[in-house]
Asker: 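The structure under discussion is supplied below as structure tokens; questions concerning it will follow.
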Amino acid sequence: MNFFPASFPRGGQAAKSAVLVLAGVAARARQRLAGQGSVLAFHGLRAEATPVGVQDSSLHLPVGTFRALCQHLAAHYHVMPLVEMATLLQAGQALPPRAVALSFDDGYASNYHLAYPLLREFHLPATIFLTTGFLDGTSPLWFQQVDLALSSQQPTASSASLGETLAELKALPDARMREKVQSWVKDLPPSPAPAVTQPLSWDQVREMQASGLIHFGGHTHTHPILARCTPEQQREEIFTCRRRILAELGQAPRIFAFPNGGSGDFTPETLALLAEAGFESAWTMVSGRATPASPCLSLPRYGAPESVWELEATVSGAFELLRQWKGGRA
Ligand SMILES: [Zn+2]
């Protein structure tokens, strides 16, 4: 336990996690849930000293925190490529003890500048799910545009907070949502985009691919919530994404992550299209353990932990065991 900070965290998720770890629940969970896997979903990282430049920085973990997470995982867990974990699960095989996989959604430049050096230093494989239109420069991420519009006090026909605005937009049909966002950003004054909003370049992607440490999957072409799209749009998003990755990397992607990733954010048509496009596994943002019983086109992932305590309570299965105990009592 020498990787844990000397001081006990005050309040919040970190304190709850620390209680579980120190009470021995993490150790017990590792035994009880052996053969299952934990997959973590990150987005971007940010350099601590630099102002973020967007209202919502929660998608971009401070790089110092990410270093601490990598150090803990390298010392205590078996971090494996996500595609290998998916193959074992599909074959109905138990995973190696303490199996963890790392993933990053969207395709931010910080994955290359800040995460990749640490992943190399600690020899940790990871998968980056690419929104191909974001990398192509043809399709800025719509939720970043909303953030920038609100940050620059563009009229958004609403005085709601960013979180409320995003929630309202996510409930709309995709085409209607795009119209609204476009009407807010069309008069934005030109200004340099904040560093955290920059996409990876395809050259950076190819360099990471050549290392053998980083793998790539699909995350649509323009990041819609697929359940808000017509069947034709869904097909276009999934097949364009596959085609662009194949063209740039010379290999078709085998794994996919759903934008937004809730259980209501994709439909049976989405799963049929993914299978038709040759995707072997698809990953949600629904929390849970990956087991051989998990459906291979809607596998669970955990959101990024924000401390080593939270990491340990998540990947050990302590949170999961707690949920099972609560469920048992209910
Ligand atoms: Zn995403």
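In this chain, residues are counted from 1 in sequence order. All ligand and atom numbering here is 1-based and tracks the order in the structure.
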Asker: Determine whether more than 12 heavy atoms belonging to other residues, nucleotides or ligands lie under 6.0 Å from atom CZ of R28.
Answerer: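 No, the 6.0 Å shell around CZ holds no more than 12 heavy atoms from other groups.
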Asker: Nearest 0.5 Å, please: how far is CD in Q251 from CG in L246?
Answerer: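 So the gap between those two atoms works out to 9.0 Å.
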Asker: Would you list the protein N, O or S atoms within less than 2.8 Å of the Zn ion (ligand 1), leaving out water?
Answerer: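 The answer is D106 OD1, H219 NE2, H223 NE2.
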Asker: By side-chain hydrogen bond (donor to acceptor under 3.5 Å, both in side chains), which residues pair with S17, not counting sequence neighbours?
Answerer: none
Asker: State which residues pass side-chain hydrogen bond (donor to acceptor under 3.5 Å, both in side chains) with E248; sequence neighbours excluded, sorted by chain then number.
Answerer: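 Partners of E248 by the side-chain hydrogen bond (donor to acceptor under 3.5 Å, both in side chains) criterion, ordered by chain and then number, come out as R206, R244.
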Asker: Of all residues at least two apart in sequence or in a different chain, which pass the side-chain hydrogen bond (donor to acceptor under 3.5 Å, both in side chains) check with Q234?
Answerer: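 Once residues adjacent in sequence are excluded, the partners of Q234 under the side-chain hydrogen bond (donor to acceptor under 3.5 Å, both in side chains) criterion are T267, T270.
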Asker: Would a 4.5 Å heavy-atom cut-off, applied to side chains only, mark K16 and L322 as touching?
Answerer: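 Contact flag for K16/L322 side chains = yes.
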